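In what follows, a single structure is set out as structure tokens and then discussed.
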2 protein chains.
Amino acid sequence: MFPTGRLTDTSRCSNVGAVTDEDDGPSGARETRRAKRRRGPADRPSTIRDVAAKAGVSVATVSRTLAGNYPVSTETRERVMAAVNSLHYVVNVHAKALSGRVAGPIALVLRDITGPSLAHVAAGVEEEAGRRGRLSLVCSTKGDPEREDDLVQLMREQHAAAVVLVGGTVIDDAYHRRMAGYAEALDLAGSRLVLCGRPPLPAGVPATVVDYDNRGGAFQATAQLLTAGHRRVLFLGGAPGFSSAEERRLGYQDALRAHGIPLAGELDTSGDYTRGSGYLRTREALRAGLGFTAVFAGSDMVALGALAALREAGVRVPDEVSVVGFDDVPFAADLTPALTTVRVPYEELGRTAVRLALEREVEFASDNHVVLSTQLVIRDSVRPAAG
Amino acid sequence: MFPTGRLTDTSRCSNVGAVTDEDDGPSGARETRRAKRRRGPADRPSTIRDVAAKAGVSVATVSRTLAGNYPVSTETRERVMAAVNSLHYVVNVHAKALSGRVAGPIALVLRDITGPSLAHVAAGVEEEAGRRGRLSLVCSTKGDPEREDDLVQLMREQHAAAVVLVGGTVIDDAYHRRMAGYAEALDLAGSRLVLCGRPPLPAGVPATVVDYDNRGGAFQATAQLLTAGHRRVLFLGGAPGFSSAEERRLGYQDALRAHGIPLAGELDTSGDYTRGSGYLRTREALRAGLGFTAVFAGSDMVALGALAALREAGVRVPDEVSVVGFDDVPFAADLTPALTTVRVPYEELGRTAVRLALEREVEFASDNHVVLSTQLVIRDSVRPAAG
DNA sequence: GGACGTGGAGTAAACGTTTTCTACGAGAGC
DNA sequence: GCTCTCGTAGAAAACGTTTACTCCACGTCC
């Protein structure tokens with residue numbers, strides 16, 4: 001890294017290029033047009049020209065010394081490095097990007113990084129990007145499509161290697177048009193749109209999609225309850241039209257059908273994926289006397305609310321009512337009782353998004369679409385149904 | 001944003017500058033040295049020269065039209081905008097940064113974005129950065145100081161406006177030396193080092209520090225227990241040497257002293273801020289028969305472990321033992337019982353870090369140091385001591 | 001001893017913007 | 001009718017790198 005013991009290195013040099021701050025270098029005949037720009041010594045960050053002047057070599061030599069891709073004599077290298085150290089020179093990434101190519105950053109666009117699952121996706125993206133020598137830009141939209149538009153534009157300007165949009169949304173025509181527009185625009189700029197945790201786009205749209213198996217996970221979760229003998233399972237689903245919510249609902253219905261249990265409309269509810277919504281809907285279901293013996297919550301936060309409502313009503317979990325969640329957030333294991341839930345490989349999702357975006361030669365399948373599997377994590381919140 | 005209804009706008013133009021892709025613009029006498037670089041039409045992202053050629057104006061005019069800081073005739077403006085739209089032109093941020101100044105990004109360096117409190121700091125940083133028209137770079141160190149070195153170097157290259165280091169660490173001489181080095185190096189590059197959630201550095205180091213009141217919060221939390229009549233309070237502290245952990249320990253001791261209670265070494269434990277550590281230490285304390293009636297956990301995660309150990313031992317909370325945490329993580333309110341804890345203004349911390357880094361003219365105080373206050377949130381995990 | 005690679009260094013042309021000078025035509029004021 | 005502004009536009013010089021060409025000195029090989 002930059003030198004901590006700054007001047008010590010120069011002691012190994014011969015007396016050529018001794019590093020005092022006023023020294024302009026041994027060969028003083030290199031003041032072509034520099035003089036007029038000269039102000040104070042530490043006025044602006046030092047450039048490669050300053051280094052060259054101080055070391056008494058040409059800028060080309062400095063560039064090559066630092067790049068290490070060209071033969072440079074030992075003596076010259078030492079002079080250059082001494083100048084670099086004493087001036088605290090670092091390359092200007094903008095200039096570098098303008099001439100030799102620089103690896104573009106990975107842009108991560110999400111609604112709000114605070115959510116536990118999104119934070120894990122972000123960690124996965126950051127990890128994989130870092131491993132590949134790229135930095136990650138994180139931007140939040142707060143759910144505003146217009147801000148999303150602006151961000152895509154911005155990332156195009158930034159020459160981002162990929163723009164990763166993560167988190168479920170409501171899927172409609174306007175959504176498809178917007179995504180197609182993003183994909184085109186990014187493709188034209190040599191970048192790539194990656195959708196993460198969302199269903200695939202129509203064929204022909206130049207985008208990569210990494211999703212996880214909402215439907216299968218919901219199927220497993222519901223099946224776990226049904227296998228335990230439960231017949232009336234309250235479903236606390238997500239917002240209508242919301243991609244992942246609809247998939248989870250389908251999985252729930254699949255399982256019911258597979259077990260030959262008729263769908264009961266009154267047990268199938270929709271709402272936000274928030275604790276409050278889970279609480280209210282569960283309380284309402286209890287009050288209405290729907291006679292359920294199990295709850296499948298569409299997310300762990302919703303399960304949290306359900307647990308609170310059940311506890312408040314004096315209903316014991318899992319003795320009287322079983323509960324299953326979705327997401328496997330970190331605290332799921334620490335609830336009372338520890339929550340049986342569906343694990344989503346969020347970090348893997350992020351890593352895969354970056355990997356696929358950057359390894360485009362490897363055209364996996366013809367449609368740019370990958371689905372990661374989910375997995376039921378069995379803990380203590382499910383018991384066989386009474387009787 | 002970039003145009004969705006692309007060619008429609010050009011219909012308003014006169015027939016000058018009609019936009020077909022092969023048209024090189026009405027004034028064809030501007031092929032000075034372009035010809036040799038010409039390959040396919042959509043080979044590379046289009047540049048301002050492409051736009052100028054297509055609109056039949058000079059690059060200066062295009063630049064000025066887009067910047068909007070110079071008089072341009074309506075007809076010219078329309079021609080330029082038509083060309084911009086049809087070519088999907090976006091400015092190249094590297095070139096822009098190289099000439100006119102571009103606002104540098106805010107770099108956020110943390111150990112792991114997955115932790116709930118760090119994610120909130122990140123959200124605060126991102127929000128404030130976005131509000132000020134800057135993007136945020138997020139990098140994780142995984143606790144490796146060498147990687148931290150590299151990141152500071154990298155951010156210097158990127159011309160980051162500020163580098164925000166967030167999260168507690170163990171403070172020793174090596175730490176001070178490293179931070180002083182970072183601060184100097186960044187200052188030289190016109191950037192700013194911001195420490196977030198850490199104690200101040202020695203005077204004279206060009207860095208900004210935003211901390212929160214660990215000691216005061218711990219004092220309040222402990223005092224709450226003591227006021228409720230508890231005399232033997234088990235303290236589940238953090239790792240020795242860790243900045244915030246030590247501060248919280250001091251707050252705990254302050255409160256004991258203020259209530260005239262002698263410090264009992266066997267009740268003052270150290271360990272990681274993890275659930276597992278809290279669980280083990282609490283179980284051990286129960287087994288050793290230390291006779292405590294209250295627990296002050298140094299973090300909510302630790303409190304989680306303590307609750308689990310107590311539950312396992314059949315000790316009722318809060319009836320037999322009261323518990324207080326620290327952090328107020330989102331799920332604290334959803335534990336059984338809802339956890340009384342100390343709220344830390346994590347998002348505000350992030351926002352403040354960015355604000356102070358960018359508004360350096362406003363030299364708040366002589367030392368660049370701000371402490372945000374913490375606040376006790378009273379829930380259900382504390383009861384008066386029996387007898 | 002001359003032709004020839006070769007290690008090591010310099011010159012200058014990109015890269016895509018912004019911005020400072022210039023330049024030019026058209027009304028305005030005399 | 002002649003200068004003065006004013007509105008509009010172009011030419012060209014930065015900005016800080018990288019790299020394709022040159023160039024030179026020094027052995028080496030016949």
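By convention in this document, chain letters (A, B, ...) are assigned in the order of the sequence lines, proteins followed by strands, and residues within each chain are numbered from 1. Please read all numbers here as calculations on a predicted model, not as lab measurements.
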Checklist entry - Counting just side-chain N and O atoms, does Thr76(B) come under 4.0 Å of either OP1 or OP2 of dA9(D)? => result yes
Next on the checklist: Taking atom types as they are modelled, would you say the side chain of Arg44(A) forms a donor-acceptor pair with the base of dG16(D) within the 3.5 Å cutoff?
Outcome noted: no
Checklist entry - Over how many whole Å does the gap from Leu87(B) atom CG to dG16(C) atom P extend? => result 14 Å
Item to check | N or O in side chain of Thr47(B) less than 4.0 angstrom from dG16(C) OP1/OP2 | outcome: no
Checklist entry - For Lys96(A) and dA14(C), what is the distance between atoms NZ and C1' respectively, to the nearest whole Å? => result 17 Å
Checklist entry - For Asn92(B) and dA14(C), what is the distance between atoms CG and P respectively, to the nearest whole Å? => result 18 Å
Checklist entry - Taking only side-chain nitrogens and oxygens of Thr61(A), does any of them come within less than 4.0 Å of OP1 or OP2 of dG8(C)? => result no
Next on the checklist: Measure CG/Asn69(B) against C1'/dT18(C) and give the value in whole Å, please.
Outcome noted: 9 Å
Item to check | Ser63(B) side chain near dT18(C) phosphate (N/O to OP1/OP2, under 4.0 Å) | outcome: yes
Next on the checklist: What is the distance, to the nearest angstrom, from the CZ atom on Arg101(B) to the C1' atom on dG16(D)?
Outcome noted: 11 Å
Next on the checklist: Counting the atoms with a prime plus P, OP1 and OP2 as sugar-phosphate, which does Val72(A) contact under 4.0 Å by heavy atoms, base, sugar-phosphate, or nothing?
Outcome noted: sugar-phosphate
Checklist entry - When the distance from CG of Leu66(B) to P of dT19(C) is rounded to whole Å, what number comes out? => result 13 Å
Item to check | Under-4.0 Å side-chain N/O to phosphate OP1/OP2 contact, Ser58(A) with dT11(C) | outcome: no
Checklist entry - How far apart are the C-alpha atoms of Glu148(A) and Thr141(A), what are their side-chain angles, what is the distance that settles it, and do they pass the side chain to side chain donor-acceptor pair (under 3.5 Å) test? => result CA-CA 6 Å; Glu148(A) 200 170 83; Thr141(A) 63; 4.8 Å; no
Item to check | d(CG, Leu98(A); C1', dT19(D)) in whole Å | outcome: 14 Å
Checklist entry - Which word best sums up how the rings of His159(B) and His94(A) line up, parallel for under 30°, tilted for 30 to 60°, or perpendicular for over 60°? => result perpendicular
Checklist entry - Going by modelled atom types, is there a donor-acceptor pair between the base of dT18(D) and the side chain of Arg49(A) at under 3.5 Å? => result no
Checklist entry - Do you see a donor-acceptor pair shorter than 3.5 Å between the side chains of Ser191(B) and Arg156(B)? => result no
Checklist outcome for this item: Side-chain atoms of Ile48(B) come closest, of dA12(C), dT17(D), dT17(C), to dT17(C)
Item to check | The single option from Val163(B), Leu137(B), Leu358(B), Val138(B) passing side-chain contact (heavy atoms from CB on, under 4.5 Å) against Ile106(B) | outcome: Leu358(B)
Item to check | Of Thr74(B) and His94(A), the one whose closest DNA chain D nucleotide lies more 5' | outcome: Thr74(B)
Checklist entry - Does dA20(D) have OP1 or OP2 sitting under 4.0 Å from an N or O in the side chain of Tyr70(A)? => result no
Checklist entry - Are Lys96(B) and Glu157(A) ion-paired here, with the side-chain N under 4.0 Å from a carboxylate O? => result no
Checklist entry - What's the CZ-C1' distance between Arg64(B) and dT22(C), to the nearest Å? => result 11 Å
Checklist entry - Is Asp144(B) salt-bridged to Arg111(B), cutoff N-O under 4.0 Å? => result no
Checklist entry - Any donor-acceptor pair under 3.5 Å between the side chain of Ser99(B) and the base of dT17(C)? => result yes
Item to check | Residue Tyr89(B), side-chain atoms from C-beta onward, closest of dT17(C), dT11(C), dG16(D) | outcome: dT17(C)
